[in-house]
Amino acid sequence: MISSVCVFCGSSDNVNRIYKDAAAIFGAEIARRGMTLVYGGGDVGTMGSLASAAMNAGGEVIGIIPEYLNERVRHLPLTQLMVVKGMRERKAVMQEKADAFVALPGGIGTMDEFFEIWTLRYIGLHRKPVGLLNVNGFYDVLIEFLHVMNAQGFLQTQVLSDLCIETSSVAMLDALTEAQN
Ligand code: AMP
């Protein structure tokens, strides 16, 4: 059973409404299913839309934020805010607290978190499902590149097919649940 989902997504506010709305829908769907949202803390960008929607839908939200970011960001009322020493500790706590991981559209921080957790699964350091939510075709180019890696022999077919790629929140949460069984 998946009782908590960690979401990686963009901290930028300067993005199309489509991405903020999709993050809010995902946050609300996590809450509706009684799952806990684990995310990077703060009220910035799509991260803020995600967390406030989950809170407003009556969900549990755990924010995990490093000290130096905590001093700089706006805060939302959350179920729990964990302030950790640095980025590496944050990733370790996220990995421990969540049963599944999903990247929504984001920038390099999102990509760093997504590729690390997927790599840790592929080398066998955890068995928790990992997903990529392809909102508005945002990840089409990345998915194409993953297929190039596969065609050129750098990425095993089984590792690529192990990644849950979906376009809707409902399909993603169903796929993660299925992958975990
Ligand atoms: P980015 O995709 O570059 O916007 O980075 C977003 C990811 O990095 C999130 O999943 C967060 O975990 C982390 N992050 C980057 N900036 C912040 C911030 N200002 N507050 C909290 N987390 C952040």
Side-chain angles (χ1 to χ4, degrees), residues 2-121 125-133 135 138-139 142 163-164 169 172-173 176 180:
I2 292 181
S3 41
S4 57
V5 180
C6 178
V7 178
F8 310 126
C9 62
S11 58
S12 171
D13 273 306
N14 190 25
V15 299
N16 193 297
R17 186 84 243 162
I18 291 174
Y19 300 112
K20 294 182 184 171
D21 291 348
I25 290 168
F26 197 52
E29 183 62 19
I30 288 172
R32 196 188 66 75
R33 295 185 186 216
M35 296 167 170
T36 298
L37 168 67
V38 176
Y39 87 116
D43 185 24
V44 286
T46 46
M47 297 171 65
S49 312
L50 167 88
S52 51
M55 287 299 290
N56 291 339
E60 289 223 328
V61 180
I62 303 177
I64 302 168
I65 194 159
E67 276 167 5
Y68 51 87
L69 279 179
N70 190 41
E71 288 155 18
R72 286 197 267 141
V73 295
R74 295 185 307 259
H75 289 87
L76 279 170
L78 303 175
T79 314
Q80 190 188 355
L81 182 69
M82 294 180 66
V83 181
V84 295
K85 282 252 168 295
M87 296 296 267
R88 295 210 164 91
E89 187 185 347
R90 171 204 246 177
K91 284 176 168 176
V93 175
M94 284 172 153
Q95 185 183 334
E96 182 203 302
K97 291 240 169 261
D99 300 322
F101 305 87
V102 179
L104 268 57
I108 56 174
T110 302
M111 288 294 86
D112 170 58
E113 294 166 329
F114 164 73
F115 278 111
E116 176 171 313
I117 205 75
W118 188 20
T119 303
L120 293 180
R121 175 171 163 106
L125 292 179
H126 70 85
R127 294 176 47 80
K128 301 174 179 180
V130 179
L132 189 65
L133 191 67
V135 175
F138 180 79
Y139 282 125
L142 178 65
L163 177 67
C164 300
S169 297
M172 176 57 79
L173 293 172
L176 296 173
Q180 206 226 17

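The basis for the numbers below is simple: all heavy atoms, side chains too, and nothing from hydrogens, waters or symmetry mates. Position 1 is the first residue of the sequence; numbering continues from there.
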Would you be so kind as to tabulate the donor-acceptor pairs closer than 3.5 Å made by side chains of residues 100-115, with sequence neighbours excluded?
| from | atom 1 | to | atom 2 | distance (Å) |
| --- | --- | --- | --- | --- |
| T110 | OG1 | C9 | O | 3.3 |
| D112 | OD1 | K91 | NZ | 3.3 |
| D112 | OD2 | K91 | NZ | 2.8 |

Heavy-atom pair of closest approach, residues L120 and Q95: CD1-OE1, 3.3 Å
Do M55 and L76 come close enough that some side-chain heavy atom pair is under 4.5 Å? no
Please name the pair of heavy atoms, one in S4 and one in A98, separated by the smallest distance, quoted to 0.1 Å. OG-CA, 3.3 Å
Determine all donor-acceptor pairs shorter than 3.5 Å in which one atom belongs to a side chain in residues 64-72; sequence neighbours excluded.
| from | atom 1 | to | atom 2 | distance (Å) |
| --- | --- | --- | --- | --- |
| E67 | OE2 | K85 | NZ | 3.2 |
| N70 | OD1 | H75 | NE2 | 2.5 |

Determine whether I117 and M94 make a side-chain contact, defined as any pair of heavy atoms from C-beta on separated by less than 4.5 Å. no
Mind listing the closest non-hydrogen atom pair of I2 and L176 along with its distance? CD1-O, 3.3 Å
Looking only at heavy atoms, which two atoms of L81 and L78 are closest? And how far apart? CD1-CD1, 3.9 Å
Per the side-chain hydrogen bond (donor to acceptor under 3.5 Å, both in side chains) rule, what does the pair list look like for residues 17-26, sequence neighbours excluded? R17-D21, Y19-N136
Taking every non-hydrogen atom, the tightest pair across R74 and V44: NH2-CA, 4.2 Å
Any chance you could measure I30, atom CD1, to M172, atom CE, to the nearest 0.5 Å? 10.0 Å
Could you give the distance from OG1 (T79) to CD1 (I62), rounded to the nearest 0.5 Å? 7.0 Å
Any chance you could measure S49, atom OG, to I25, atom CD1, to the nearest 0.5 Å? 11.0 Å
Between the CD atom in E60 and the CD atom in Q80, the distance rounded to the nearest 0.5 Å is 9.0 Å
Check A54 against L37 and note the closest heavy-atom contact, atom names and distance. CB-CD2, 3.9 Å
From E116 atom CD to T119 atom OG1, the distance as rounded to the nearest 0.5 Å: 7.5 Å
